[in-house]
Trainee: 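Can you keep this structure in mind? I'll have questions shortly.
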Amino acid sequence: MRLLVLLVASAMLSQCLADSGLNVKFKNCSKQTKSVVHDVNVSPCTAFPCLMNVHTAYTITVNVTIGIPVTAAKVELKGKLGPILVPFPGFNETDFCKHLGDLSCPVKAGQMILYKTPLIVPKAATSPFVPKVVSFQWAVQDDKNDMVFCFVSEIAIDHNNKVQDRRAINVV
């Protein structure tokens, strides 16, 4: 019965998220976590990978069932440049507990939450060294450095801030 309630709640949350943006493709990036990421939503976004413009506000919403108790946690956002992960420039929303909507920390193991945070693409992301399509890693670690959850996905960055038509982006 409890599993049925969780599945229904997850479906309802997913539908709410889908109405306000796009549930994007993602992969879990840590086998060490007991959390289950159900959906990653980016708004505004109409196609994957989401086309992001400089200085435009986006909202990242993660529907996740937390696998360990969390009293405090930090968020790291990194982009992949070649073979290395580098901190995403200008991302300052590192306090996980501030982005839980009506909830707050501590979060209990087994609790389903919506983690929702703003993301603004800085001008530095349009450097010639940054590809148009960037793989990124979103990782949340608790105050004991245990992984709460982690996922990887992709975004497309409009280097000219002029591309209005997604067909102009060549996804490799």
Trainee: Say whether Leu100 and Leu77 are linked into one hydrophobic cluster, either directly or through other cluster members, by side-chain heavy-atom distances under 4.5 angstrom.
Mentor: yes
Trainee: My understanding is that only residues two or more places apart in sequence, or in another chain, count here; which of them pass side chain to side chain contact (heavy atoms under 4.5 Å, CB included) with Cys150?
Mentor: Cys29, Ser30, Gln137, Ala139, Met147
Trainee: So do the side chains of Ile155 and Val133 get within less than 4.5 Å of each other, counting heavy atoms only?
Mentor: no
Trainee: Can you find a heavy atom in the side chain of Val134 that is under 4.5 Å from one in the side chain of Ile157?
Mentor: yes
Trainee: Where is the tightest heavy-atom contact between Ala109 and Gly67, given as atom of each residue plus distance?
Mentor: CB-O, 3.7 Å
Trainee: Mind checking the OG1-CG spacing from Thr61 to Asn41? Nearest 0.5 Å is all I need.
Mentor: 5.5 Å
Trainee: With ring pair (Phe, Tyr, Trp, His ring centres under 6.0 Å) as the rule and sequence neighbours excluded, what pairs involving residues 61-82 come up?
Mentor: none
Trainee: Per the disulfide (SG to SG under 2.5 Å) rule, what does the pair list look like for residues 101-130, sequence neighbours excluded?
Mentor: Cys97-Cys105
Trainee: Could I get the full list of side-chain hydrogen bond (donor to acceptor under 3.5 Å, both in side chains) partners for Asp146, not counting sequence neighbours?
Mentor: none
Trainee: Closest heavy-atom contact between Pro49 and Ala156?
Mentor: CB-N, 4.0 Å
Trainee: Taking side chain as C-beta onward, heavy atoms only, is Phe48 less than 4.5 Å from Leu22?
Mentor: yes
Trainee: If only atom types and distance count, is the side chain of Asp142 paired as donor or acceptor with the main-chain N or O of Lys144 below 3.5 Å?
Mentor: yes
Trainee: For residues Val24 and Val152: do they belong to one hydrophobic cluster (side chain heavy atoms under 4.5 Å, members Ile, Leu, Val, Met, Phe, Trp, Tyr)?
Mentor: no
Trainee: Would Val62 and His38 count as a side chain to side chain contact (heavy atoms under 4.5 Å, CB included) here? Give the steps.
Mentor: CA-CA 8 Å; Val62 182; His38 303 286; over 6 Å; no
Trainee: Would you say the side-chain atoms of Thr33 pair up with the backbone N or O of Val148, donor to acceptor, closer than 3.5 Å?
Mentor: yes
Trainee: Keeping the roles fixed (side chain from Ser153, backbone from Phe26), state whether a donor-acceptor pair exists under 3.5 Å.
Mentor: no
Trainee: Answer yes if Ile68 and Val107 sit in the same cluster of Ile, Leu, Val, Met, Phe, Trp and Tyr residues linked by side chain heavy atoms under 4.5 Å apart, and no otherwise.
Mentor: yes
Trainee: Run the side-chain hydrogen bond (donor to acceptor under 3.5 Å, both in side chains) test against Glu76 and tell me which residues pass, sequence neighbours left out.
Mentor: none
Trainee: Just to verify, what does Asn145 make a side-chain hydrogen bond (donor to acceptor under 3.5 Å, both in side chains) with, not counting sequence neighbours?
Mentor: Lys74
Trainee: Looking only at heavy atoms, what is the nearest atom pair of Cys45 and Ala47, with distance?
Mentor: SG-O, 3.4 Å
Trainee: Rounded to the nearest 0.5 Å, how far does CZ of Phe151 lie from CD1 of Ile60?
Mentor: 7.0 Å
Trainee: Does the side chain of Val64 come within less than 4.5 Å of Ile66's, by heavy atoms?
Mentor: yes
Trainee: Val40 vs Asn23, test: side chain to side chain contact (heavy atoms under 4.5 Å, CB included). Steps then yes/no.
Mentor: CA-CA 5 Å; Val40 176; Asn23 285 348; over 6 Å; no
Trainee: Who passes side-chain hydrogen bond (donor to acceptor under 3.5 Å, both in side chains) against Thr71, sequence neighbours left out?
Mentor: Asp143
Trainee: Holding to side chain to side chain contact (heavy atoms under 4.5 Å, CB included), I want the full list of residues that pass it with Lys80, two or more places apart in sequence or in another chain.
Mentor: Leu85, Ser135
Trainee: Can you give me every donor-acceptor pair (side chain of residues 112-125, partner residue at least two apart or in another chain, under 3.5 Å) with its distance?
Mentor:
none

Trainee: Please list all pairs passing the side chain to side chain donor-acceptor pair (under 3.5 Å) test where one or both residues lie in residues 95-113, with sequence neighbours left out.
Mentor: Glu93-His99
Trainee: For Tyr58, enumerate each residue passing the ring pair (Phe, Tyr, Trp, His ring centres under 6.0 Å) test, keeping only those at least two apart in sequence or located in another chain.
Mentor: none
Trainee: Can you list the residues that meet the ring pair (Phe, Tyr, Trp, His ring centres under 6.0 Å) rule with Phe91, with sequence neighbours excluded?
Mentor: Trp138
